[in-house]
There are 2 protein chains.
Amino acid sequence: MSEITKTRIIDAAGEVFAEKGFEQATIREICKLADVNLAAINYHFGDKQKLYIEAVKSAHCEGEEDEPLLIPAEVPAEKKLYYFIEHMMTDMLDRESPTWHVELMMREMARPTLACSELVQSYIGPKFSILMSIIEEMVPATISLSKKHLLAFSVVGQCLLYRFHRPIGKLLIGDEEFESLFDVSYLADHICEFSLRGIQSISDSQEASS
Amino acid sequence: MSEITKTRIIDAAGEVFAEKGFEQATIREICKLADVNLAAINYHFGDKQKLYIEAVKSAHCEGEEDEPLLIPAEVPAEKKLYYFIEHMMTDMLDRESPTWHVELMMREMARPTLACSELVQSYIGPKFSILMSIIEEMVPATISLSKKHLLAFSVVGQCLLYRFHRPIGKLLIGDEEFESLFDVSYLADHICEFSLRGIQSISDSQEASS
DNA sequence: CATGAATTCAAACGTACGTTTGAAACGCAT
DNA sequence: ATGCGTTTCAAACGTACGTTTGAATTCATG
């Protein structure tokens, strides 16, 4: 029963894969970090690829419980939207050095591999469904599903920018200025207010045309 | 005078770097595509890294002239915003297989390397400035620069989502549904309308508090 | 304690990569 | 045609990688 070896390898692999990506990570570095022999990866997982998939799986199994997104049903939809955005931004940004679980999932989002579809199914999909149901509370029932998808994408697009294009942002407006914006609740406030009006706008124009 | 060799190499390099990224691209593949000898890269550029930087440079020098963004000064700011968004979306999405110039710049945005700062300075920066000046036409002068930056980020965040997270989108809502949304002017319409209200919202709340 | 399967280990294999080399081919002024 | 700097070429070098191997070790079970 050497499950402890397997988990040590997965932890080390998650860390290294998160930092360097699949191709740039080497099993030698992973094994050194896990303090196991080189051949252990082949023995326990088969090859590098299978280890990677296990690491991604582990990323969204362990990571999810961090602070689950539980939104009280009785609050108005506007407040739910704020909770959602704030939770998403916290997950992505609010750590000194984010745990490899998040980092690895973000990497998988940026450049999907085989492990991606499962990640979408068991992690991203459920979150997206929550957002969709919040949006559905705010728009008339007559609005088409496509329009609601666009609204959801507009919300998450604003959030993801700060995760995926941070270096560009710093180069664009300067390090200090950009970092000074980088307060989760400040950003969440902005995105939420911006989006609330946008959502109203679309549902207004839909009602007018129906 | 073997400038033609250099340009053949840069073209091939741009293509391969765009498709596979810096690390995954091999100079052997580049040389084969360019139909030059292996040693040509070292002779003309020094090493792989310097070739990459030259390729990125070339990407935003040649690529820029495609269809320059010229917005007539007399149209209302709302229309300027639409032009901007539509131009950005067209650049990023509206090609069967996008020219390597765009692809390479997008790759550099997703994971910046040494070549990034120059890309920001000479390509992204100017575009961002245009967006900022459009926003400045729409908000009261009293609004802070930070708030205007947030507004600009909200606009481009919505646009970039469709470029960088297309595979996720397809997995989330289904291939056909997602691709059916993928019409540049339809998306630009949505993002523009969504953003116009968002921008108004922020400037309203600013005026109320000032 | 003895036995056999499960696990670990050091070492090596084969391959692919970026880079270097030294000679050959070319272009061009004399 | 001769000589010389520039450019191309086939071949090799050194290194790092994923993977494999077969022996050594550990461990549970009888």
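These numbers were taken from a predicted model, which means no experiment stands behind them. Below, chains carry the letters A, B, ... as their sequence lines are ordered, and counting in each starts from 1.
Taking the six-membered ring where the residue is Trp, A:F178 and B:F153 present perpendicular rings, their angle passing 60° and hence far from 30°.
Distance CG (A:D47) to P (C:dG14): 20 Å, rounded to an integer number of Å. Atom C1' of nucleotide D:dT7 and atom CD1 of B:I4 are separated by 11 Å, given to the nearest angstrom. As rounded to whole Å, 11 Å separates atom C1' of D:dC13 from atom CZ of B:R28. The distance from atom CD of A:E29 to atom P of D:dC17 is 9 Å, rounded to the nearest whole Å. In this structure, CZ of B:R8 is placed 13 Å from C1' of D:dT7, rounded to the nearest angstrom. At whole-Å resolution of the value, OH in B:Y43 and P in C:dA25 are 17 Å apart. Between the NE2 atom of A:H44 and the C1' atom of C:dT7 there is a distance of 6 Å, given to the nearest Å. Protein atom CG of B:N37 is 12 Å distant from nucleotide atom C1' of C:dT19, rounded to whole Å.
Here A:A40 lies out of heavy-atom contact (under 4.0 Å) with every strand. Residue A:L38 is in base contact, counting any heavy-atom pair closer than 4.0 Å across all strands shown.
Between A:E23 and A:A39, the one whose closest nucleotide on DNA chain D sits nearer the 5' end is A:E23. In terms of position along DNA chain D, the nucleotide closest to B:D35 lies nearer the 5' end than the nucleotide closest to the other residue of the pair B:D35 and A:A25.
A:E179 has a carboxylate O that lies under 4.0 Å from a charged side-chain N of A:R166, or vice versa, which qualifies the two as a salt bridge. Here A:E177 does not pair with A:K170 in a salt bridge; the nearest charged N to carboxylate O distance is not below 4.0 Å.
At C:dT8, one or more side-chain N or O atoms of A:T5 fall inside 4.0 Å of OP1 or OP2 (strictly under the cut-off).
Of the candidate nucleotides C:dT20, D:dT19, D:dT6, C:dT20 has the atom nearest to the side chain of B:N42.
With ring centers used as reference points, B:F45 lies 6.0 Å or more from B:Y52.
Of the possible polar contacts, none joining the A:R197 side chain to the B:S195 backbone as a donor-acceptor pair under 3.5 Å is found.
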